[in-house]
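These notes are about the structure you will find just below.
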Amino acid sequence: FQKSDGGELLADANGKTLYAHDREARPSFNGVAQARAMETPQLWAPVLAGLDDKPVGQWSIVEKPDGTRQWAHKGKELYTNVRDKEPGDLNGIRSTDRVWHTIMRSGATMAGAAN
């Protein structure tokens with residue numbers, strides 16, 4: 001966990017913020033819901049699971065087409081953002097974005113971040 005202005009966020013072992021990618025979210029532009037592909041994929045690093053890692057509770061593992069295994073929380077694949085350099089950085093959050101969100105210690109989405 002790492003501290004933020006909104007409370008404790010889930011982070012990886014290096015303290016980098018975890019972001020859930022919601023592929024089902026439909027961002028709204030001028031009141032019109034639109035699906036979109038992942039923007040700027042070069043900014044997102046998947047949170048990979050080891051071969052011996054096992055899913056537990058709300059945490060699952062998604063097998064990618066290339067055979068890598070990626071962690072997911074409540075079915076949403078997890079990433080870190082390469083612009084986050086220090087523990088607690090939140091450079092992957094845009095308040096109007098419904099596709100990406102951080103996860104609070106409670107499991108809820110961070111208030112003001114893609115609610």
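The residues of the chain are indexed from 1 along the displayed sequence. Please read these numbers as outputs of a predicted model, since none were measured by experiment.
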Please report the closest heavy-atom contact between Pro55 and Ser60, naming both atoms and the distance.
CB-CA, 3.8 Å
Would a single hydrophobic cluster contain both Val82 and Leu9, if residues Ile, Leu, Val, Met, Phe, Trp and Tyr are joined by side-chain heavy-atom contacts under 4.5 Å?
yes
Relative to the ring of Tyr19, is the ring of Trp100 parallel (under 30°), tilted (30 to 60°) or perpendicular (over 60°)?
perpendicular
Can you list the steps and then say if Val62 with Arg69 is a side chain to side chain contact (heavy atoms under 4.5 Å, CB included)?
CA-CA 6 Å; Val62 176; Arg69 295 163 30 103; over 6 Å; no
Can you tell which of Asp84, Asn91, Asn81 makes a side-chain contact (heavy atoms from CB on, under 4.5 Å) with Leu43?
Asn81
Tell me the closest heavy-atom pair linking Ile61 and Ala49, and the distance in Å.
CD1-CB, 3.9 Å
Does any part of the side chain of Tyr79, heavy atoms only, come nearer than 4.5 Å to the side chain of Gln70, both counted from C-beta?
yes
List for me each residue that meets side chain to side chain contact (heavy atoms under 4.5 Å, CB included) alongside Thr80, sequence neighbours excluded, and say none if there are none.
Asp12, Lys16, Leu18, Ala45, Val47
Looking at CH2 of Trp59 and NZ of Lys74, how far apart are the two atoms once the value is rounded to the nearest 0.5 Å?
10.0 Å
Closest non-hydrogen contact found for Arg83 with Gly92 is NH2-CA, 4.1 Å
When rounded to the nearest 0.5 angstrom, what is the spacing between OG1 in Thr17 and CG in Leu78?
12.0 Å
Nearest heavy-atom contact between Lys76 and His21 is CB-O, 3.6 Å
Which pair of non-hydrogen atoms, one from Ala20 and one from Ile103, has the smallest distance, and what is that distance?
CB-CD1, 4.2 Å
Identify the heavy atoms of Ala72 and Gly75 that sit nearest to each other, and give their distance.
CB-C, 4.1 Å
Contact check, side chains of Thr102 and Leu90, non-hydrogen atoms, under 4.5 Å:
yes
Could you check whether atom CG of Asp52 has more than 12 heavy atoms from other residues, nucleotides or ligands sitting under 6.0 Å from it?
no
